[in-house]
Amino acid sequence: GLAVASGRCFSLSATVLENLGPTSYSDHGLEQYVTARDAFNGLFLWRKRIGATYYGGLFYANRAPFVAVGDGVYVAMGDGKLVALSVSTGEVMRTFDTTYAPGRLLVDRQVVAVATWKEGTKVGGIHGVDRRRMDFSVAEGTVEAFSARTGARLWLLEELATSIVSKDGILFMVVRTGADKFEEMNQRRRRGEKPLTRPQQVVVAVDLKTGKRLWAVTSQELGSGDE
């Protein structure tokens, strides 16, 4: 992951000296680190160990949530806890008490919005590459909002969201009812075996500050059917 804020460039990666083994044929570390550098000249500033947060294997679309805004770098730790690191020192400024592990994350208007997934840290695997978003196995989750200043929870919805974006004080999310067994079987289906249908998906808009639902549109209304 890569993010830029407050004149600093932040990367979330396992490609660091700390993970190198003593020889070329030794086992190398798999833990990820946040590294901060000066955005102008690349000068190293600090590095923070995060843990083995490979969400859904090694494909880039499945990396752990990672955002830098203002004075904070927001990242999911190896144990699934969401924290805000100081952009200046890398020390933990705040911890956000999410219900499950963060799966999707954004920060807007001093609100930290998080889609959390039950057993989200176990999605996919560390070894191998599956070029799909690995959220299809997630069956349960929540959407939550916190104050970026204090870490206090503002609201919580018992919804499984696989995507979240925001604009003009509105949070938009794609909500799904349960695991996507269709996608899970997609590459392993036997010849002649009838595929399962996708679960219901709904695009939902809520007020970013309060979580109040504003409107919702189903995938069928959008003409997507089971695809």
Side-chain angles (χ1 to χ4, degrees), residues 1 3 12 53 55-56 61-70 72-85 94-124 132-184 198-222 224:
L12 175 62
T53 55
Y55 283 48
N62 298 307
R63 292 300 179 93
F66 183 56
V67 174
V69 178
V73 181
Y74 300 82
V75 63
M77 304 292 284
D79 59 2
K81 299 294 184 181
L82 177 63
V83 300
L85 307 178
R94 284 175 292 281
T95 300
F96 301 89
D97 187 20
T98 57
T99 302
Y100 305 121
R104 299 287 182 257
L105 166 68
L106 65 81
V107 182
D108 185 13
R109 304 185 181 213
Q110 293 297 318
V111 174
V112 181
V114 193
T116 77
W117 299 342
K118 187 175 182 179
E119 299 186 346
T121 58
K122 300 178 182 178
V123 175
R132 296 178 290 170
R133 289 190 180 274
M134 300 293 283
D135 56 43
F136 55 75
S137 64
V138 179
E140 187 176 345
T142 65
V143 180
E144 309 174 28
F146 300 84
S147 166
R149 294 189 180 93
T150 67
R153 179 183 282 127
L154 303 176
W155 51 265
L156 182 151
L157 301 176
E158 296 285 350
E159 302 276 12
L160 168 59
T162 57
S163 177
I164 58 173
V165 295
S166 65
K167 181 176 174 61
D168 297 333
I170 300 175
L171 180 70
F172 305 93
M173 51 190 170
V174 178
V175 171
R176 192 178 71 207
T177 55
D180 190 345
K181 296 297 184 180
F182 175 92
E183 183 67 20
E184 184 175 359
R198 291 191 185 279
Q200 170 79 293
Q201 296 191 84
V202 184
V203 179
V204 178
V206 302
D207 185 277
L208 182 63
K209 296 284 189 181
T210 66
K212 179 182 178 181
R213 179 175 289 213
L214 303 177
W215 53 261
V217 181
T218 67
S219 55
Q220 286 79 7
E221 291 177 283
L222 294 173
S224 60

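- Counting only heavy atoms from C-beta outward, the side chains of Trp215 and Val203 approach each other to under 4.5 Å.
- Listed by chain and residue number, Ala148, Arg149 satisfy the side chain to side chain contact (heavy atoms under 4.5 Å, CB included) test with Gln110 (two or more places apart in sequence, or in another chain).
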Kindly determine whether Thr95 and Leu82 satisfy side-chain contact (heavy atoms from CB on, under 4.5 Å), including the steps that lead there.
-> CA-CA 6 Å; Thr95 300; Leu82 177 63; over 6 Å; no

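- Taking all atoms of both residues into account, the shortest heavy-atom contact from Val83 to Leu85 is CG2-CD2, 3.9 Å.
- Ring geometry, Phe146 versus Phe96: the interplanar angle exceeds 60°, so the pair is classed perpendicular (tilted spans 30 to 60°).
- In this structure Ala145 satisfies the side chain to side chain contact (heavy atoms under 4.5 Å, CB included) test together with Val111, Leu154, Trp155, sequence neighbours excluded.
- A donor and an acceptor atom, one from each side chain of Gln200 and Thr218, are nowhere located under 3.5 Å apart.
- Rounded to the nearest 0.5 angstrom, Asp180 CG and Leu160 CG are separated by 10.0 Å.
- Of all non-hydrogen atoms in Ala115 and Ala161, the two that sit nearest each other are CB-O, 3.6 Å.
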Residues Val75, Leu12; criterion side-chain contact (heavy atoms from CB on, under 4.5 Å); working and verdict | CA-CA 9 Å; Val75 63; Leu12 175 62; 4.2 Å; yes

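- At least one donor-acceptor pair closer than 3.5 Å links the side chain of Arg104 to the backbone N or O of Thr162.
- Here the closest heavy-atom approach between residue Val69 and residue Tyr74 is recorded as O-CE1, 4.1 Å.
- No donor-acceptor pair closer than 3.5 Å links the side chain of Lys118 to the backbone N or O of Thr142.
- With hydrogens and angles disregarded, no donor-acceptor distance shorter than 3.5 Å links the side chain of Trp117 to the backbone of Ser137.
- The backbone N or O of Asp97 sits less than 3.5 Å from a side-chain atom of Arg153, completing a donor-acceptor pair.
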Listed pairs under 3.5 Å, donor-acceptor, residues 163-171 side chains, sequence neighbours left out:
from	atom 1	to	atom 2	distance (Å)
Ser166	OG	Asp108	OD2	2.9

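- The two residues Pro102 and Gly80 make their nearest non-hydrogen contact at CD-O, 2.9 Å.
- Distance CG/Leu157 to NZ/Lys212: 13.5 Å, rounded to 0.5 Å.
- With hydrogens and angles ignored, the 3.5 Å screen pairs no side-chain donor or acceptor of Arg176 with any backbone N or O of Glu140.
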Would you sort out whether Val143 and Leu156 count as a side-chain contact (heavy atoms from CB on, under 4.5 Å), showing the intermediate values?
-> CA-CA 6 Å; Val143 180; Leu156 182 151; over 6 Å; no

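- Distance check: Glu144 CD to Leu105 CG gives 12.0 Å after rounding to the nearest 0.5 Å.
- The two residues Val175 and Glu159 make their nearest non-hydrogen contact at CG1-OE1, 3.2 Å.
- Donor-acceptor pairing under 3.5 Å is lacking for the side chains of Glu119 and Tyr100.
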